[in-house]
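To start, the structure itself, in structure tokens.
A quick note: this is a predicted structure, and the numbers were derived from the prediction, not measured. For reference, positions follow the sequence shown, starting with 1.
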Amino acid sequence: MNLEIEGNAALVTASSSGLGKASAKALAEEGVDVVINGRDEERLAEAKAEIEAVATGDVVAVPGDLTDADDTERLVEKTIEEFGRLDHLVTSAGGPPSGAFLDTDDEDWQHAYDLLVMSVVRLARAAEPHLREDGGGTIVNITSRSVKEAIDSLVLSNAVRMGVIGLEKTLSKEFAPEIRTNAVLPGPHETSRIVDLVNAAVDRGEYDTYEEGLADWSKNPLEKIGDPESFGTTVAFLCSPKSGHVNGTALPIDGGTTGANL
């Protein structure tokens with residue numbers, strides 16, 4: 001499918017690995033000029049090379065920490081400097097550490113809020129005037145299925161990510177009609193992080209094979225773990241005019257795991 005976004009420009013945060021990288025890659029394959037971001041400059045350079053191998057547009061790597069207000073503003077400025085426009089903002093961030101409520105202190109809560117919520121607030125605020133130009137643009141917030149159904153021992157993700165959904169719904173009204181805002185709620189996908197976790201479990205003797213370990217991450221009605229490439233394609237679709245009446249939606253991408261009706 002031609003998503004009709006060739007020649008657009010996108011900023012995808014936390015895109016040196018995982019689902020952020022998959023999203024940036026899918027956009028780049030559609031001919032979108034993409035700014036990618038991460039804290040680890042070596043891993044960011046590797047991601048840039050991987051994305052450039054399939055890109056038909058330009059790929060620019062900008063290191064930065066999403067908890068730093070100056071860094072988030074610089075990401076938007078660099079996108080405009082490089083491409084002269086910004087059509088799509090895709091926000092992603094690494095997950096906060098796991099833990100139970102009584103094992104989580106004030107510093108943990110503040111860091112999770114800065115990482116997951118304030119990064120989106122600052123990015124959206126800086127990007128808004130640019131996204132309104134050239135016929136309007138899109139925001140896609142990558143969060144987690146934990147906003148639909150709390151996950152054991154993930155109190156920070158369960159609680160703090162809800163703020164992103166409230167913000168997403170608000171922006172879908174305040175920024176419309178020029179800007180459409182949506183969120184995606186992934187369950188487990190076969191990213192490098194999952195691969196490392198499964199391989200480590202095999203090394204510890206918890207599983208005999210990688211496939212056996214992966215099966216534990218595949219407990220959903222589709223009986224398979226999510227494919228990052230497919231996830232990225234879904235994000236690219238939400239950025240495109242092909243999804244033109246989708247606004248204010250929080251879309252689970254979890255193989256049907258979540259038990260919530262809505």
Same hydrophobic cluster for [X] and [Y], using side-chain heavy-atom links shorter than 4.5 Å among ILVMFWY?
| X | Y | value |
| --- | --- | --- |
| I142 | I51 | yes |
| V90 | L171 | no |
| M162 | V121 | no |
| L116 | I253 | no |
| V235 | F237 | yes |

Would you name the heavy atoms of [X] and [Y] that are closest together and state the gap between them?
| X | Y | value |
| --- | --- | --- |
| I5 | A236 | CD1-O, 4.2 Å |
| A183 | I165 | CB-CD1, 3.8 Å |
| W109 | T104 | NE1-CG2, 3.5 Å |
| P221 | G255 | CD-O, 3.1 Å |
| A28 | V34 | N-CG2, 4.0 Å |
| V54 | E29 | CG2-CG, 3.4 Å |

Taking the side chain from [X] and the backbone from [Y], do they hold a donor-acceptor pair closer than 3.5 Å?
| X | Y | answer |
| --- | --- | --- |
| N247 | R180 | no |
| E168 | T249 | yes |
| T209 | E212 | yes |
| D68 | T72 | no |
| S157 | L154 | no |
| T143 | V184 | yes |
| D103 | G99 | no |
| S15 | N37 | yes |
| S230 | G226 | no |
| D58 | D33 | no |

E50 with K25: basic N within carboxylate O range, under 4.0 Å: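 K25 and E50: salt-bridged.
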Salt-bridge present (E133, R85; N to O < 4.0 Å):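 Not counted as a salt bridge, because no side-chain N and carboxylate O are separated by less than 4.0 Å.
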Any chance [atom1] of [X] has more than 12 other-residue heavy atoms, nucleotides or ligands included, within less than 6.0 Å?
| X | atom1 | result |
| --- | --- | --- |
| D152 | CG | no |
| E41 | CD | no |
| R39 | CZ | no |
| D106 | CG | no |
| R74 | CZ | yes |

Audit row: E6, E30, side chain to side chain contact (heavy atoms under 4.5 Å, CB included) steps and yes/no: CA-CA 6 Å; E6 184 176 2; E30 290 291 327; over 6 Å; no
I194 vs H189, side chain to side chain contact (heavy atoms under 4.5 Å, CB included): CA-CA, chis, key distance, verdict: CA-CA 7 Å; I194 296 296; H189 282 65; over 6 Å; no
[X]: which residues meet the side chain to side chain contact (heavy atoms under 4.5 Å, CB included) condition with it, sequence neighbours left out?
| X | answer |
| --- | --- |
| I179 | E128, L131, R132, I139, F175, T181 |
| P252 | K148, L185, D254 |
| S218 | L214, I225 |

CA sep, side-chain torsions, deciding dist, call: K78, E81, salt bridge (charged side-chain N to carboxylate O under 4.0 Å, His left out): CA-CA 5 Å; K78 187 65 174 177; E81 178 185 319; 3.4 Å; yes
How many angstroms lie between atom [atom1] of [X] and atom [atom2] of [Y], to the nearest 0.5 angstrom?
| X | Y | atom1 | atom2 | answer |
| --- | --- | --- | --- | --- |
| R161 | L156 | CZ | CG | 10.0 Å |
| L11 | E77 | CG | CD | 11.5 Å |
| T91 | L66 | OG1 | CG | 9.0 Å |
| Q110 | M118 | CD | CE | 9.5 Å |
| T257 | L222 | OG1 | CG | 8.0 Å |
| I36 | E52 | CD1 | CD | 8.0 Å |

Stepwise salt bridge (charged side-chain N to carboxylate O under 4.0 Å, His left out) check, E73 with R122: CA-CA 7 Å; E73 185 173 335; R122 291 163 178 153; over 6 Å; no
Is any side-chain heavy atom of [Y] closer than 4.5 Å to one of [X]?
| X | Y | result |
| --- | --- | --- |
| N141 | V120 | yes |
| L27 | V12 | yes |
| V160 | P96 | no |
| H111 | D108 | no |

Criterion side chain to side chain contact (heavy atoms under 4.5 Å, CB included) on S16 and D40, from CA distance to verdict: CA-CA 8 Å; S16 62; D40 185 320; 5.6 Å; no
Audit row: L19, S92, side chain to side chain contact (heavy atoms under 4.5 Å, CB included) steps and yes/no: CA-CA 8 Å; L19 298 180; S92 179; 5.5 Å; no
N8/H88 under side-chain hydrogen bond (donor to acceptor under 3.5 Å, both in side chains): CA gap, chis, key distance, verdict: CA-CA 8 Å; N8 285 187; H88 312 290; 2.8 Å; yes
